[in-house]
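My questions will all concern the structure given below.
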Amino acid sequence: MSDVRGKVAQITDIDEDQLSVSAPKSYAAGLKAVQVSFDRGLTQGGVSRTVRSMLRVNQPDGIDCPGCAWPESTTGHRKKIEFCENGAKALAEENTQRVVTPQWWAEHPISELQTRTEYWLGQSGRITHPMIIREGEDHYRPISWQEAFEIIGEHVRATTPQRCVFYTSGRTANETAFMYQLLARSLGTNNLPDCSNMCHESSGTALNPTIGIGKGTVSLEDLENSELIFVVGQNPGTNHPRMLGALAECRKNGGKVVAVNPLPEAGLMKFKDPQTPKGLIGDGDRISDEFLQIKVGGDQALFQALGHLLLKKEEENPGTVLDAEFIASSTTGFEEYRSARQQLDWDEVELATGLTREEIEHIGDLLAASKATIFCWALGITQQPHSVDTIKEIINLLLVQGNFGKPGAGACPVRGHSNVQGDRTFGIWEKPKEWFLQKLDAEFGIVSPREHGYDSTEAMNAMADGEVDVFVSLGGNLAMANSDTEVMEEGLKKTGLTVHISTKPNRSHVVHGKTSLILPTLGRSDRDDKHPGGAQFLSVENSMSVVSSTKGRLEPVSDHLLAEPVIIARMAEAILGADHAVDWKAMAEDYDVIRDHASRVIPGTENFNERIRNKYGFVLPNPPRDRRAFATATGKAAFTVRDLEYLVPPKGHLVLQTMRSHDQYNTTFYGLDDRYRGISGGRRVILIHPEDLEETGFQDRDLVDVVSVFRGEERRAERFRLVSYPTARGCAAAYYPEANALVHRDLVARESNTPGFKAMMVRFEPAKEVLATA
Ligand SMILES: Nc1nc2c(c(=O)[nH]1)N[C@H]1C(S)=C(S)[C@@H](COP(=O)(O)OP(=O)(O)OC[C@H]3O[C@@H](n4cnc5c(=O)[nH]c(N)nc54)[C@H](O)[C@@H]3O)O[C@H]1N2
Ligand SMILES: Nc1nc2c(c(=O)[nH]1)N[C@H]1C(S)=C(S)[C@@H](COP(=O)(O)OP(=O)(O)OC[C@H]3O[C@@H](n4cnc5c(=O)[nH]c(N)nc54)[C@H](O)[C@@H]3O)O[C@H]1N2
Ligand SMILES: [Mo]
């Protein structure tokens with residue numbers, strides 16, 4: 001077939017139980033990382049595609065790495081090679097020359113595909129044709145694009161807007177996101193859940209009312225020049241490897257790094273920078289000066305204790321610790337905060353954190369002495385019932401010392417998906433602000449709905465309750481990513497039409513709606529040149545609010561792929577009719593038109609088309625960072641006082657957190673090698689402290705079923721192996737998404753509604769399988 005470039009590959013499914021365990025590594029990256037990067041690239045895409053794409057990653061006028069949202073320098077020199085092992089793997093996966101053709105779908109009935117692992121599905125390759133399956137059928141079969149859009153139009157018009165849901169995964173570019181939310185709102189719904197709901201929603205929910213912006217307030221240069229950086233609830237060695245370079249740089253400049261984590265993650269210990277000769281062969285740079293092995297969910301207690309210590313030290317030596325001028329001029333609520341933190345129950349803090357008073361006092365000394373502190377955090381903080389309160393406590397700590405709007409200081413929520421932050425900026429939000437809707441309506445002559453829509457948890461519940469007729473997924477894999485797997489999958493199956501705009505097969509395609517469409521699209525690194533005006537580019541926003549362009553150059557694996565903006569435009573025409581107020585076609589033909597519209601709606605994107613063509617793009621305004629301004633209700637930053645909360649498992653139970661291995665991108669698996677943690681050949685594992693293991697009565701490597709309890713209800717996941725591991729006492733760890741079946745749908749963070757992916761209460765029972773053979 002000349003319209004498809006690539007080969008159908010026979011993928012051997014993995015045997016998930018070839019577990020081997022070795023000691024956790026004490027450093028991240030190094031020579032092995034470079035070797036793995038190239039190996040994976042060559043296996044998937046061949047020499048020329050690998051080299052061409054790798055050299056373009058994160059370069060001006062190049063491809064934004066689809067791996068994570070960590071920024072590149074916008075001032076200093078960019079390295080010739082600005083990527084990491086895991087970015088290289090993400091690209092290799094996308095650049096693969098393995099293809100999933102109509103023939104492939106014909107050979108694999110749905111009943112078979114439902115038994116396949118996520119690894120097997122994803123490794124099969126890039127989807128080459130639009131496909132459809134109807135109720136009662138056991139195979140997806142090809143369909144023309146035109147017919148596919150007509151089917152979407154029919155289904156949407158046959159129901160009400162409130163029964164349609166438009167989900168977004170965070171790889172979606174700014175322009176695409178802008179069109180997609182415009183489509184949903186033109187139709188009449190704010191049902192725009194996104195992966196952010198499951199990720200950093202707690203951060204935005206805590207930051208907006210306290211500092212007036214839902215984003216971080218630091219730049220890369222701030223990190224490099226900070227006196228003290230906290231890295232809390234984050235595994236940068238695996239998930240944001242280029243961050244290690246910034247941390248190493250900070251230490252070289254005399255700064256200190258404090259890591260707070262229940263696991264001694266390799267990337268928090270030492271880093272061998274693969275982009276320098278010394279990093280390849282030398283001992284590597286130390287990353288953290290201090291490591292606090294905290295109990296899962298104990299962070300709020302730690303931050304309250306640190307606040308108490310700062311206030312006490314200020315009392316002992318007035319004028320040396322707090323920034324009284326900043327507190328007086330720029331904040332509200334300090335007196336309440338001070339009086340709440342006056343007293344501290346050290347016994348309770350030790351119980352909640354698993355740390356000793358001495359350990360915490362030592363960190364208090366470092367914090368008090370620092371004149372420029374940054375708090376970085378990620379999912380270890382955002383996916384618990386009290387996440388929002390915990391993050392507000394971080395803000396309190398930053399506020400007392402005036403750590404906003406000065407070099408080397410601020411808040412740094414480290415985002416996940418490469419454009420999850422930009423998607424929100426460009427309007428993907430189920431709870432849009434009135435000013436945004438007014439501007440959108442004025443720009444396009446539409447009337448957006450004002451009623452808030454579903455977030456990802458609410459969307460799942462609505463689907464499970466049979467209240468959704470059309471579910472469109474712009475990227476992503478909600479079947480695996482969301483909590484309560486069984487409920488989520490039932491919900492998908494009950495939905496009248498599911499539409500998956502995807503690059504590769506995944507579980508959501510095979511536990512589909514009554515009718516289901518798969519619409520194959522171009523990836524980041526693919527050339528997008530089938531337009532009257534020639535090749536187009538898109539833009540993304542990184543974790544530090546820098547907007548830059550991204551342009552793919554590789555030849556797509558199939559002539560039948562459409563670019564995402566084109567798919568959305570044609571979907572919109574099919575749903576809203578050819579005479580709709582918005583000129584969808586103009587936007588799909590020339591992405592400058594999208595940017596022109598957006599520049600009149602999204603603050604800070606004025607002259608978008610001109611500034612996006614700057615070498616390094618442009619930085620969005622950030623009032624706390626730029627001028628110590630806080631756009632809150634009072635115009636000041638807010639101290640907040642919340643009661644202490646931590647996770648107390650019922651007797652005989654442990655707290656279970658879920659995390660990513662070194663060999664996966666969210667629900668996509670690259671392999672079975674969690675190299676830094678020393679776990680390979682299997683993912684159904686529970687990491688457990690040796691003394692906790694002894695208390696359960698089980699032995700290392702025993703096969704168990706895991707039972708979680710939540711408000712008297714139980715969830716069960718079968719066949720996990722217990723692995724003795726140096727995690728904090730009382731807390732176990734498992735991989736996402738294998739453990740998602742254990743997360744009850746009502747276990748969520750208060751206010752943000754983010755699933756409690758790191759807060760399950762579990763016990764272990766002998767595996768049914770073992771009982772049966774005994
Ligand atoms: N290679 C690769 N890169 C990725 C991704 C990927 O899957 N693969 N995913 C991307 C996405 S979408 C995201 S959101 C980010 C995620 O980036 P991370 O937040 O680093 O992701 P997790 O693997 O969930 O790791 C959570 C960390 O928090 C710790 N932790 C768990 N509970 C607690 C707690 O209660 N307190 C503290 N202090 N720590 C805790 C865990 O031990 C673990 O080290 O990475 C992005 N980058
Ligand atoms: N237990 C547990 N669950 C979690 C988490 C956790 O820490 N623990 N983390 C949560 C977090 S932080 C997140 S962000 C979510 C992730 O949730 P999602 O974003 O929904 O999931 P992904 O696995 O990133 O989506 C992968 C799919 O996206 C498609 N894809 C890849 N590239 C492209 C592209 O360029 N265009 C299009 N259209 N499609 C593409 C592919 O078909 C692939 O199968 O999961 C959440 N779930
Ligand atoms: Mo994420």
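Order of listing sets the numbers, starting from 1, for every ligand and every atom in it. Computed from a prediction, not measured in an experiment: that's the story for all the values here. Numbering of residues begins at 1 and proceeds along the displayed sequence.
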Original post:
For atom 26 (C) of ligand 1, which of R415, M198, K758 has the closest heavy atom?
Top reply: K758
Subject >> Distance-only donor-acceptor check, side chains S558 and H129, under 3.5 Å >> reply: no
Original post:
Looking just at side-chain N and O atoms, do E85 and H662 make a donor-acceptor pair shorter than 3.5 Å?
Top reply: yes
Original post:
Using heavy atoms and a threshold below 4.0 Å, how should the contact between M659 and ligand 2 be classified: side chain, backbone, both, or neither?
Top reply: neither
Original post:
What residue and heavy atom of the protein are closest to atom 35 (O) of ligand 1, and at what distance?
Top reply: G297 N, 2.7 Å
Original post:
Where is the nearest protein heavy atom to atom 41 (C) of ligand 1: which residue, which atom, and how far?
Top reply: Q657 OE1, 3.3 Å
**OP:** Could you tell me the residue and atom name of the protein heavy atom closest to atom 13 (C) of ligand 1, and the distance to it rounded to 0.1 Å?
**Re:** G416 CA, 3.1 Å
Original post:
Out of N239, N666, T238, who gets a non-hydrogen atom closest to atom 17 (O) of ligand 1?
Top reply: N239
**OP:** Starting from atom 36 (N) of ligand 1, find the nearest protein heavy-atom neighbour and note its residue, name and distance.
**Re:** D299 OD1, 2.8 Å
Subject >> Distance from atom 8 (N) of ligand 1 to nearest protein heavy atom, with residue and atom >> reply: Q664 O, 2.8 Å
**OP:** Locate the shortest heavy-atom distance separating T727 from L687; write the atom from each residue and the value.
**Re:** CG2-O, 4.2 Å
Subject >> Separation between OH of Y167 and CD1 of I428, rounded to the nearest 0.5 Å >> reply: 11.5 Å
Subject >> Atoms in ligand 2 flagged as close to T521, the criterion being non-hydrogen separation under 4.0 Å >> reply: 36 (N), 37 (C), 38 (N)
Original post:
Counting each atom of ligand 1 from 1 as listed, which ones have a heavy atom of N86 under 4.0 Å away?
Top reply: 1 (N)
**OP:** List the closest protein heavy-atom neighbour of atom 16 (C) of ligand 1: residue, atom name, distance to the nearest 0.1 Å.
**Re:** L379 CD1, 3.7 Å
**OP:** Begin from the C-alpha positions of F303 and F375 and carry the test ring pair (Phe, Tyr, Trp, His ring centres under 6.0 Å) through to its verdict.
**Re:** CA-CA 11 Å; F303 301 143; F375 275 86; 5.8 Å; yes
Original post:
Is the shortest heavy-atom distance from the side chain of Y27 to the side chain of I287 under 4.5 Å?
Top reply: no
Subject >> Those atoms of ligand 1 less than 4.0 Å from some heavy atom in A378 >> reply: 19 (O)
Original post:
Nearest to atom 14 (S) of ligand 1 by heavy atom, S196, S418, C199, G380: which?
Top reply: C199
Original post:
For ligand 2, does H200 get within less than 4.0 Å through its side chain, its backbone, both, or neither, judged by non-hydrogen atoms?
Top reply: neither
Subject >> Shortest protein contact, atom 43 (C) of ligand 1 (heavy atom only) >> reply: E265 OE2, 3.4 Å
Original post:
Which ligand 2 atoms, with their elements, are less than 4.0 angstrom from a heavy-atom of E564?
Top reply: 36 (N), 37 (C), 38 (N)
Subject >> Heavy-atom side-chain proximity of F230 to I363 below 4.5 angstrom >> reply: yes
Subject >> Flag if over 12 foreign heavy atoms under 6.0 Å of CD, E486 >> reply: no
Original post:
Cut-off 3.5 Å, side chains only: do N740 and S483 have a donor facing an acceptor?
Top reply: no
Original post:
Do any nitrogen or oxygen atoms of L474 come within less than 3.5 Å of a nitrogen or oxygen of ligand 2?
Top reply: no
**OP:** Measure the distance from atom 40 (C) of ligand 1 to every protein heavy atom, then report the residue, atom name and distance (to 0.1 Å) of the closest one.
**Re:** P262 CD, 3.3 Å
Subject >> Q123 and E93 side chains, donor-acceptor separation under 3.5 Å >> reply: yes
Original post:
Which atoms form the tightest heavy-atom contact between F757 and T658, and what is the distance?
Top reply: O-OG1, 2.8 Å
**OP:** May I ask you to check if ligand 2 and T667 share an N or O to N or O distance below 3.5 Å?
**Re:** yes
Original post:
Hey, does H500 sit under 4.0 Å from ligand 2 if you only count heavy atoms?
Top reply: no
Subject >> Donor-acceptor pair between Q383 and T754 side chains, under 3.5 angstrom >> reply: no
